Structures are given as C-alpha cells and as structure tokens.
Amino acid sequence: MTTTSIFLCLALLGFGFYLLGRWRAMNASVISGKLHSLPSFHGAYVAMCMFVPVLVVIIAWLLYSGNSVDQQLLNAAPIEIQEAGQLDQTKYLYSIITPAVQGLEVSDSALAAQVTNFQELTKRNKLIRFILILLAAVLGGLWGLLKIKPDFRARNQFESGVKYLLMACSLIAILTTIGIVLSVLFESIRFFNKVPLHEFLFGTQWSPQIAIRADQVGSSGAFGVIPLVTGTLLIATLAMLVAAPIGLMAAIYLSEYASSRVRSVAKPMLEILAGIPTVVYGFFAALTVAPFLRNWGDSVGLTISSESALAAGVVMGVMIIPYVSSLSDDAINAVPNSLREGAYGLGSTKSETIKQVIFPAALPGIVSALLLAVSRAIGETMIVVMAAGLAANLTANPFESVTTITVQIVTLLVGDQEFDSPKTLAAFALGLSLFIVTLCLNIIALRVVRKYRERYD
Amino acid sequence: MQDKIEYGKTVGDVFVENPRMSVRGANVYYADKQAIHDVDLDIAKNQVIAMIGPSGCGKSTFLRCLNRMNDTIDICRVSGEFKLDQDNIYSKEIDVVPLRARVGIVFQKPNPFPKSIYDNVAYGPRIHGLAKNKVELDEIVENSLQKAGLFDEVKDRLHESGTGLSGGQQQRLCIARTIAVGPEVILMDEPCSALDPIATAKIENLIDELRENFTIVIVTHSMQQAARVSQRTAYFHMGHLIEVNDTEKVFTNPEHKLTEDYITGRFG
Ligand SMILES: Nc1ncnc2c1ncn2[C@@H]1O[C@H](COP(=O)(O)OP(=O)(O)O)[C@@H](O)[C@H]1O
Ligand SMILES: [Mg+2]
C-alpha cells in the first residue's frame, strides 16, 4: 500500500462518513423533529471523528516504526555489529543496508539475505500500518455516527474541532522556530566551550583552519568575528546606499506622480526584480559588474580587486530596491488622502506636499521598510559568495575583497567535516549572532510600524 | 420610465452687485457622468453663503471647483467661467498655487498635519514666504489662532502635536491654518459634521465673526446651521442650482417647489 493510495482511501472514506452522517441526521430529524445543527454539520462532525484517530495513529506510527525496523534488522545482523556501539550500528544501517536495498551494491550473500529481510520487514510494516489506519478510521467514524441525535450540538463540536486544527498549525510553526533557535543556541554553547566568548567577539583574525590530522601544519584556528562583522556591515551599507535612495524615489514616483496606467505596469515590473533568484544576481555581479568595476578602476588609476565589496554591495542594492520601493509605497499610500488635500488646499506644490507632509507622515513606515531591507541585505549569501570573495580582510575599503557572516557559515559547513570540531560549531555561533542582529532589526521595525498604525486609526 | 424633470432656470437672485466670485455656465463631469449642470452664481463679499441639498447633489463638487481642488481628481472635467475678482481662475495664466492661497478650504473631517500646533499654522505662511523672520511668523501664528478662537486653549502647548487635540479643536486648528495664509475666500465643506453640538456651536460663532474679514462659502447638511450662519442660501438638486435667495426667504418662503419640499422635510 503506497502512501498516496492510503490518502486516497482516507479521503473517500471521509467523504463517505460525511454523507452517512448527513443522511443519518436527516433521518433522525424526520423521526423526532427539529435538529440542533444543520445536517451538513453532523456530516462534518462524523468525518472529523474519523480523521482524529487516524491522525493519532499516523503520528504514533511515525514515532515508532523506524526504530522497530532498525531493531529487527540489527537483531538479524552479524554478531560483531550487534555488539558494536550505537555509532557503528547506525553506520551499518545507513551506509551498508540502505544503499544495498536501493540496488547500489550487494557484495555478499549475508548482505543479500539482510536486504530481503529488510524488504520483507518494510512490506509487512506497511500492511500493518494500513490496517491500523483503516481500523482507526472506521472505528472513529462509527463512534461519530452513534453520537448523532437531533439535539446533538454537532455545529459547536465541529467549530471547536476547526479551532483546534488551526491552533495545531500555528503551534507547529512556533515550535519549529523555537526548535531551530534552541538547537543553534546549544551548538553555539558547545562552540564557546572550545573557543572563549571574548575571543570570538573581539578577535580581529578569522582563519578557521583546524587540522584534520593532529600533525598537520597550521592546526590552530582563529575565530575572531570582527572582520566578518565589518565585512557584512560594509556590504550592507553599500547596498543600502544604492537601494534606499533609488527605492524611495521610485516609491514616491509610483505613489504620487505616476498615472494609474503607468502605476499598474511599473509596480509589478519592479516587483519582478524581487523574484529573480539571488544566484542570478550573483553571477551578474561576478561576471559583469566586478570586471567592469575593475577595468574602470584601472582606467582612473584605482586598484579595485576583481572580487570587491563594491561589486557585491551594488548588486545587492539593486536586489533590494523592490523591497524598499514596495514597502515604502505601501507606507506612502497609507497616508490619508485628507492630509494631501489639506496641503494642496493651502496652496502647496506637489513636491512641498511630499516633502513636508507626506514624507514625515509616512516616515515610520519608510524606516521600517529600510530596516527590513537591511536585515535582508545582512542575510544575503549568494551574491557575496560569488562577487566579494572569501578573504576575511579587516577593512573599510570597498575596493578590496571582504567576506560576510553568511558566506563563512556556508564555507564552514561545505565538505566533509567532523561534526564536533570548533570549525563546524563556529558556524552555529555565527548563525546565532546573525539571528540576534536580524531579530533586533525586525523588532525595531515592528515597533515602528505599530506606532505608525496607532497614529491614523 | 419617469419623464426627465425640466429644471429650467434658477429662481431667486443669482446675481449680486460687485461680487467676490462669479460663476457662469459651470458644468462638471466625472468621466462621462455629469455632476453639475450649467450653474450661474455670484458670491458676495463679506457674506456667508450656504449650499444645501440632498446628498450627492453636487454641493462638494461645486465648492471644490472654486479653488480648483478638483484638479487633483484625474477623471474630473470642469467647464464654464469661474472668476475671482477679475481673474478667470481656470485660465492658463492663473497658477493654482497662489489661487489656493487666495481661496482656502476647510474639509469635512478635521485633517491637521501630524506636526505641532505651531507648525500646522505656520505651514502655509512658510511655503508662501509670508513672514520675513521668526518674529513675524510667531505673530501670524498667534493672530490666526486668535481669529480661530483657539489661542487661549492651546497657548501653553503650541509645540505639542496637532493631532492630539479634540475634534472641535482640530477643526478650529484647520481653520486657523487656512486663515494664516490670508485668503479672500474660505470654502467649508460640512465643517461641523464630524463634531459634537458644543464644538459645532463654537465653530458657528466663529464663522459669524470671520465674515467681517473673509467671504465664506459653506456646504452644510443641517438646515438649522444654514439658517443660523448664512446670509444667502443656494439649494442644489441633482446637480442643478434650483434656487438662490436670502437665507430668511429660503427658509420662510421658498420660491421653488423643490426647495419647499426639501425645507419641509418631504425630500432627502
Ligand atoms: N471622485 C469622484 N469620482 C466620481 N464621481 C464622483 C466623485 N466625487 C463625487 N462624485 C459624484 O458626483 C456627484 C456629486 O457628489 P458630491 O459633490 O460629493 O455631492 P454632495 O457633496 O452634495 O453630497 C455624486 O453623484 C457623486 O457620486
Ligand atoms: Mg459632500
């Protein structure tokens, strides 16, 4: 039984129970008078009674089944594996049996037996799973059918069921976030056990070269985050220098000057910019902008390295223009028209109205747009990887190559790594710092927006 | 199908001697829909003229023609002759910026800028360069607030936000803001409809005092208000100007059947 066919079965069954419930409710009303809820609510209630136990069974199964198969496989495994540690057992399961099952390599007959064993086990497991789910569905549905009576409050029951469903969804979203944050936090703490916090925060040298073998040269790493922070800030500043003025003026043009026809074309076009994958911007930066800047630098006597913060910053600025313009446009449009009319009625010109009335009134919204754009710029990776390089230079010169926090996270985790070396754990510490910075920016942005809402309600 | 009503010529005294503003043959369209049909009207100096009529009859539209506020609406087209003193305000030579300084407008909903009380009033004088220095500007602000009857209430908090005032105070602030530019005519579009009775009474008294220095055109949906504050009253119906007469005559002895129906509450 494949997963798809199970879901198909469940859907049909659910619909069937819905119809049954409705039919039973209508019958009940014919026999003994008025129903408390509409028949369709009774139907929905019965379907709900079916799906709840199914959900419980599925979750329980997910938690249990994997372990049970693993356990049974291990029981049938060669004796030396059975007596090995947990790590070796895991390796055995995932790097020997799983590839073998997928037909990659079957080297000896003992393994072939294991593979058949595994296939048998999974087949049986799937059958059991299907039967259990079906049983839960039918029992649940029948129980729901039994509860139908004219005065049964099916509507209220169903509505509160819907409420719990929605609650569960938002809970999942929240719990996932918390889970991610916590795991990053714990790994960071492990990192700070190996590398002291002050060295991380105040060190000016970043070269996370940890030897793979103990006798390798250069086996000590330096984990000073300062060059990464300055690199990040440098690129983000350059990006904002491009995006803030252009985005803002585009927003002002769109919302105050453009005719509705121009607006209806230009606004979506600007927003398409936001849909271009950043990797495309990345090679645009690396292959077009960076060489252009270098040649230009040569011709005026400036040394611009071929991987420069400037190229990455400028292209990133272009990338975030639509964020700035679209959010600022919303902020400007939210300024009540009565203020515009008030200003025009006093004899203001268009630019006076914008400068002195609309802009100050929209300022909180614009500030929050800019802050969101900044956090976007700080979190961007692809463009920097491709255009600004990997060299952790501590510099404020936009013509040199720099690197950023996100880029270093990527390079730390690419390739084969020991999972508990400081080098790998450093990625979590970097991730945590990045998270804290963008979190602060977002909180400030939200605060500003909230204040702004109060003003016009 | 109902027959098209023949509205004919406006009854009463459309013309006055030596008017501040005069309108001849005004037609206004929103896209293809005609909102004002061939209206003639003189607006006398230092008088309050009230415009009444059922909602949607074009009072606001007509009012907004008088300082070209309708220019800000893309689909709105205005034709006819609108004169302020001797200048045709829709002619090419007239710049709308100084025109709106000469004909100020106060809106239905108080709309102070989210700035301090002082800056709200100083806004107009600043953009028109009316004050040479801070002292003069202070003077203009104080004078305007005095005339709008707001000065005593706000003199200790001129630098607090104008949006923090009560509705009635905000509307008087908007009036002060308009006065500060030194207009000849003040247009008011239902200035009291968002206010409570006490604030309304204050504004009505204010309008009566302002008549000395300004010409006032007020749109109102309250007939009592029209009767209290105006000297002349114009009754609009479906975009037509039906009757213009002295306020007393309109409310005691209307000439036109439609006016009478509206006054006595049989319409609208
Ligand atoms: N911005 C606009 N766009 C299109 N039609 C409008 C607009 N403003 C007013 N109108 C129309 O013009 C007519 C007169 O409106 P208005 O002058 O606001 O009436 P009043 O102020 O007397 O209630 C109404 O039928 C209204 O629907
Ligand atoms: Mg109106």
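Just so it is clear: chains get the letters A, B, ... in the order the sequence lines come, proteins before strands, and each one is counted from 1. Note that the structure is predicted; figures quoted are calculated from it, not measured.
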Open item on the list: Can you confirm whether Asp74(B) is buried at CG, in the sense that more than 12 heavy atoms of other residues, nucleotides or ligands lie under 6.0 Å from that atom?
Closed with: no
- [ ] Below 4.5 Å from any heavy atom of chain A, which atoms of Pro112(B) appear? Answer side chain, backbone, both or neither.
- [x] backbone
Task: Segment of Phe107(B) engaging chain A (4.5 angstrom heavy-atom cut-off) - done: side chain
Open item on the list: Within the supplied structure, the quantity of interest is the number of heavy atoms (other residues, nucleotides, ligands) at a distance under 6.0 Å from Lys45(B) NZ; does it exceed 12?
Closed with: yes
Task: Neighbour count >12 (heavy atoms, 6.0 Å) for atom OH, Tyr257(A) - done: yes
Task: CA sep, side-chain torsions, deciding dist, call: Arg126(B), Gln356(A), side chain to side chain contact (heavy atoms under 4.5 Å, CB included) - done: CA-CA 11 Å; Arg126(B) 277 186 182 135; Gln356(A) 302 186 19; 5.6 Å; no
TODO: Give a yes or no on this: more than 12 heavy atoms of other residues, nucleotides or ligands lie within 6.0 Å of atom CG of Asn337(A).
DONE: yes
Open item on the list: Between Val181(B) and chain A, with a heavy-atom cut-off of 4.5 Å, which part of the residue counts as in contact: side chain, backbone, both or neither?
Closed with: side chain
Task: Exceeds 12 heavy-atom contacts within 6.0 angstrom, atom CZ of Phe284(A) - done: no
TODO: Examine whether an atom of Arg177(B) lies under 4.5 Å from a heavy atom of chain A, and if so say whether it belongs to the side chain, the backbone or both; otherwise answer neither.
DONE: both
Task: Flag if over 12 foreign heavy atoms under 6.0 Å of NZ, Lys134(B) - done: yes
Open item on the list: Checking an interface table here. Which of residues 340-353 of chain A come within a heavy-atom distance under 4.5 Å of chain B?
Closed with: Glu341(A), Gly342(A), Ala343(A), Tyr344(A), Gly345(A), Leu346(A), Gly347(A), Ser348(A), Thr349(A), Glu352(A), Thr353(A)
